[in-house]
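Throughout, protein chains are lettered first and strands after them, A, B, ... in sequence-line order, and every chain is numbered starting at 1.
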Number of protein chains: 2
Amino acid sequence: MKEVAKNDGKKDSAVFGHGKGPRDKKHKMERFLEVCLLVLLYDEAGYGYGLIEGLEGFGFSREELNVSTLYRTLRKMEKEHLVSSFWEEGGPGPRRRVYEITSEGKGNLDQWMNILEGRKKRIEKLINKYDEKTGFRKEEGE
Amino acid sequence: MKEVAKNDGKKDSAVFGHGKGPRDKKHKMERFLEVCLLVLLYDEAGYGYGLIEGLEGFGFSREELNVSTLYRTLRKMEKEHLVSSFWEEGGPGPRRRVYEITSEGKGNLDQWMNILEGRKKRIEKLINKYDEKTGFRKEEGE
DNA sequence: TTGTCTATATTCATTTAGAATATAGTTATC
DNA sequence: GATAACTATATTCTAAATGAATATAGACAA
């Protein structure tokens, strides 16, 4: 048997132009929630439920926020050492697992910002192209 | 047995603030490729392989573009009547399936632009917050 | 006529994510 | 002090999205 199609050997390391972005794996370009959480935790610890409020500040509506996703994401980030957690002592109500960003998390965040800048530019490019083709329906409709 | 958690009845129709965005289903916020294709086809028909070049104009690198995804996406868009296709007659080389945008596709694109505007603003908000917290490392590092 | 290239299409496995459900301590209410 | 309602965290189930590999086939060159 002979190979049907040859591999030009260019299929790997295709990460947005970065050899290895945050968290190494080729990001499928949507861990926006993750970045938001890192920014929120940057200067202030927080717990799962409580972070929802902060996320609203980034445009997430309370309805579209999925609590499972939120907790799952936080645990995953801890496994990757981007954040660390501890059980809050005392305090009223059920105990809370409080998260803090790690220095690794901060470095990661820094790289994320570059990716987001790029993503923003792509969106702008697309919008401009669209406006061009449709005759600038809206001029800087900011 | 009794129900453990009550449902506050607010879990549905959580689509970015739009009752029903393009293509009705709650978009998981990443069909950027799809939108790029619609913009490319807006004023000029194109075929799968040939569209790759145009996509590069939006920041996709040739390596990160996945051909399977490209074709899969085009067929899906046709199934949804956002584009239509025909086999190119004559011409050198293997036959090509040429895609054209439909009027439905154009309407869809219009809605996508709103979503992208929103997405852009979210990113900006996030970047600003980050810069705030880290002390404006880069001032409009455009 | 064999091999290579262009072009399209499909299959397979993994990842991502939403919905639902599970667990459990806290506080209010009767 | 039993029960209900609430806060908080966690996991399971399923479906959608996606990358990689593979399949198919005609055109063209050697």
State which of [options] makes the closest approach to the side chain of [X].
| X | options | result |
| --- | --- | --- |
| A:T69 | C:dA17, D:dA27, C:dT8 | C:dA17 |
| B:V67 | C:dT8, D:dT9, D:dA20 | C:dT8 |
| A:Y99 | C:dA9, D:dA27, D:dA10 | D:dA10 |

Between atom [atom1] in [X] and atom [atom2] in [N], what is the gap in whole Å?
| X | N | atom1 | atom2 | answer |
| --- | --- | --- | --- | --- |
| B:K76 | D:dA15 | NZ | P | 18 Å |
| A:L65 | D:dA8 | CG | P | 15 Å |
| A:E64 | C:dG18 | CD | C1' | 12 Å |
| B:R97 | C:dT10 | CZ | C1' | 13 Å |
| B:K79 | D:dA17 | NZ | P | 11 Å |
| A:M77 | C:dA17 | CE | P | 13 Å |
| B:Y47 | C:dA9 | OH | C1' | 16 Å |
| B:W87 | D:dA27 | CH2 | P | 12 Å |

Legend entry - Inter-residue atom distance B:Y130.OH - A:K106.NZ, 0.5 Å rounding: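 Here the interatomic distance stands at 9.0 Å.
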Legend entry - First of A:Y71 and B:S68 reached from the 5' end of DNA chain D, by closest nucleotide: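 Result of the comparison: A:Y71.
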Inset, instruction - Any chance you could lay out the side chain to side chain contact (heavy atoms under 4.5 Å, CB included) test for B:V83 and B:L38, step after step, and finish with the verdict? - result: CA-CA 8 Å; B:V83 297; B:L38 285 175; 4.1 Å; yes
Inset, instruction - Name all residues meeting the salt bridge (Lys or Arg N to Asp or Glu O under 4.0 Å) criterion together with B:K133; count only those two or more places apart in sequence or in a different chain, and write none if there are none. - result: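 Salt bridge (Lys or Arg N to Asp or Glu O under 4.0 Å) check on B:K133 returns A:D43.
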Inset, instruction - Check whether the side chain of A:R72 and the base of C:dG18 form a donor-acceptor pair under 3.5 Å. - result: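 Answer yes: a donor N or O sits under 3.5 Å from an acceptor.
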Inset, instruction - May I ask you to evaluate whether B:R75 reaches the phosphate of C:dA9, defined as a side-chain N or O under 4.0 Å from OP1 or OP2? - result: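 Checking C:dA9 against B:R75, a side-chain N or O does come within under 4.0 Å of OP1 or OP2.
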Considering only distance and modelled atom types, tabulate donor-acceptor pairs under 3.5 Å from the side chains of residues 48-60 of chain B, sequence neighbours left out.
| from | atom 1 | to | atom 2 | distance (Å) |
| --- | --- | --- | --- | --- |
| B:E56 | OE1 | B:R62 | NH2 | 2.8 |
| B:E56 | OE2 | B:R62 | NE | 3.3 |

Inset, instruction - Let me know, please, whether A:P94 or A:N66 comes out on the 5' side of the other along DNA chain C by nearest nucleotide. - result: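 Going by which nucleotide is closer to the 5' end, it is A:N66.
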Inset, instruction - List the steps and the verdict of side chain to side chain contact (heavy atoms under 4.5 Å, CB included) for A:F32 and A:L116. - result: CA-CA 9 Å; A:F32 193 65; A:L116 286 184; 4.3 Å; yes
